[in-house]
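We name chains A, B, ... by the order of the sequence lines, and we start the count at 1 in each one. Quick note: numbers below take in every heavy atom, side chains included, and nothing from hydrogens, waters or symmetry partners.
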Amino acid sequence: MLDAKKLRNDLDEVKEQLKKRNEDISALDDFTELDHKRRNIIQEVEELKSKRNTVSKQISEMKKAKEDASEAIAEMQEVSQKVKELDEELRQTAENLTHLLLTIPNIPHPSVPQGEDEDDNEEIRQWGGTPSFPFELKAHWDIASELNILDFERASKVTGSRFVFYKGLGARLERALINYMMDLHEDRHGYIEVLPPYMVNRDSMTGTGQLPKFAEDAFQIQEEDYFLIPTAEVPVTNMHREEILTDEQLPLAYAAFSACFRSEAGSAGRDTRGLIRQHQFNKVELVRFVRPEDSYTELETLTGHAEKILQDLQLPYRVMNMCTGDLGFTAAKKYDIEVWLPSYNDYKEISSCSNFEAFQARRANIRFRREAKGKAEFVHTLNGSGLAVGRTVAAILENYQQEDGSVAVPEVLRPYMGERDVIR
RNA sequence: GGAGAAGUACCCAAGUGGCUGAAGGGGCUCCCCUGCUAAGGGAGUAGGCCGUUCCGCGGCGCGAGGGUUCAAAUCCCUCCUUCUCCGCCA
């Protein structure tokens, strides 16, 4: 959510900034009118309430003095009726205004390259080069089925398409990665470990920006107004919804492992094979609450924490600075980390590291105070995958495949794999 | 899931319709007093949000949302959370 005061003062400038996103922002045209209407009603209704408060007190005194107050009471009956009508009108107007604000995307940071779509994203750096294979390489789903460590067929029988059973050393590899990532972030990068709820309520989904605009991307629980989390970002960021943090608490950093659930609406036919696009997948998510002035150096720190995993795993990757047209609704700036997938002969997103500035904090009302008596300010929130576990498994299977069909185990994972050095 | 009880400020807590724009404690901050400390005395402690003609004024705030009333922490309804007991369960 953007700052209503900023929209009031610099609407044209905001529009100019948002145009770069290549998105429909015509809803903003109604802002000024709604904002004025709201403030006019407030003035009118508060004047009446003030009068009512004063006269009510007089009525009380008149009654005590045994005077006749019926005239004043009759008058206040009318005032109260009017107040009721105006309050309703105000509620309606404020709701419209809030809804409008909730559907306007974040303003891109000046360091975000301007562009229309993913082709305009800017490569920041590469790591690890691209490996060549002296034999015919296989896609991870073929490697996995030959090793009997992933079972897509039975998962579609038991549930449906885009679900998977991990089996044997496949399941072990997934679990090893989760433990490896969590240990690293907790022990070396200073994150507090969190195991969050996998369902959240509507306010939480609104706080981080999944609702109201992107309802079709989420799975919703029928009996309750709950949603399966599409990422641990939602429960973890919302942990501090409606809170005022102290300055000493910042920067506050959480690492959370969770399953993630996405309906993948509109992705029919894309990445249909393998682990890349599932309705349920595991992810380790890093979430940071920081002082506004620190958020851009924090974004670099956060991205570095995610990159460290890939470096330890010796997986080639590149870091992309997402352009204005590919930024996503909530981010002011976003780096995608893309891992090399030999079967795609291309890089594929494995982590997304974003600075939301105050966009989520304003929606979720997460603030901090620099001094005990100081004014509460919005924090900046950031998050990034560290990493998507399923895609990491895919990358390991493909990059570590060997001619005989086996897969070498990355060295850092061996302690987590019962000291095995190969999956065969 | 059933039955009961409770949600008031940083914490505890009084409060059954109008001097409650919330008593009283505790804690915290500042001051006084006594070599230091403890004890004692005094003052402050509703923040937050919203509006505004912004060193001021006004509105809303007693779990949340509605309702009754000239007037609601107080009466009524719905919901949420916590606690106790029962049931079920990993």
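A/E174 pairs with exactly one of A/N282, A/T392, A/N179 by the side-chain hydrogen bond (donor to acceptor under 3.5 Å, both in side chains) rule, that one being A/N282.
In summary, A/K334 and A/D326 do not engage in a salt bridge, as defined by a charged side-chain N under 4.0 Å from a carboxylate O. Remark: A/D151 does not engage A/K157 in a salt bridge, criterion side-chain N to carboxylate O under 4.0 Å.
Taking the O4'-C1'-N9-C4 or O4'-C1'-N1-C2 dihedral as appropriate, B/C36 has a value more than 90° from 0 and is therefore anti. Annotated as syn: B/G61, whose O4'-C1'-N torsion sits within 90° of 0. Classification of B/C54 as syn follows from a glycosidic angle within 90° of 0.
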Check your understanding: Could you run down nucleotides 48-61 of chain B 5' to 3' and tag each one B, S or - for protein heavy-atom contact under 4.0 Å?
Key -> SSBSS-----BBS-
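Nucleotide B/C19 holds its P atom 13 Å from the CD1 atom of A/I59, rounded to whole Å. Taking atom CD on A/Q81 and atom C1' on B/C70, their separation rounds to 13 Å, with Å as the unit. Summarising the geometry, the separation between NZ on A/K63 and C1' on B/A71 is reported as 9 Å, rounded to the nearest angstrom. Atom CD of A/E242 is separated from atom C1' of B/U81 by 15 Å (rounded to the nearest Å). Separating the CG atom of A/L48 from the P atom of B/A71 is a distance of 12 Å, rounded to the nearest angstrom. Atom CZ in A/F368 sits about 20 Å away from atom P in B/G47, given to the nearest Å. Between A/D68 atom CG and B/C70 atom P the separation is 15 Å, expressed in whole Å. Taking atom CD of A/Q58 as the reference point, atom C1' of B/C19 lies 15 Å away to the nearest angstrom.
Distance check on atom P: B/C19 versus B/U74 gives 14 Å, rounded to whole Å. Rounded to whole Å, the C1' atom of B/A73 lies 12 Å from the corresponding atom of B/G7. For B/G63 and B/G58, the C1' atoms lie 27 Å apart once the distance is rounded to whole Å. Rounded to whole Å, the P atom of B/A3 lies 34 Å from the corresponding atom of B/G18. Across B/A64 and B/C10, the matching P atoms stand 13 Å from one another, rounded to whole Å. Nucleotides B/A14 and B/C62, compared at atom C1', are 13 Å apart to the nearest Å. Here the separation of B/U53 from B/G47, taken at their C1' atoms, is 27 Å to the nearest Å. The same atom, C1', is picked in B/G25 and in B/U8; the two are 15 Å apart, to the nearest Å.
Here the OG-CD1 distance, from A/S343 to A/I143, works out to 8.0 Å after rounding to the nearest 0.5 Å.
For the residue pair A/T208 and A/E233, no side-chain donor N or O sits within less than 3.5 Å of a side-chain acceptor on the partner. Side-chain polar atoms of A/E357 and A/Y296 form a donor-acceptor pair below 3.5 angstrom. Counted by atom type alone, A/R175 and A/Y416 present zero donor-acceptor pairs between their side chains at under 3.5 Å. Side-chain polar atoms of A/N53 and A/S56 form no donor-acceptor pair below 3.5 angstrom. A donor-acceptor pair shorter than 3.5 Å can be found between the side chains of A/D336 and A/S352.
Stems are defined here as 3 or more consecutive Watson-Crick or G-U wobble pairs with pairing distances under 3.5 Å; those involving RNA chain B are B:1-7 with B:80-86, B:10-12 with B:24-26, B:27-32 with B:40-45, B:48-52 with B:56-60, B:63-67 with B:75-79.
Here A/F165 pairs with nothing under the ring-ring contact (aromatic ring centres under 6.0 Å, His included) rule; sequence neighbours left out.
Between A/S80 and B/U69 there is no side-chain polar atom (N or O) within less than 4.0 angstrom of OP1 or OP2.
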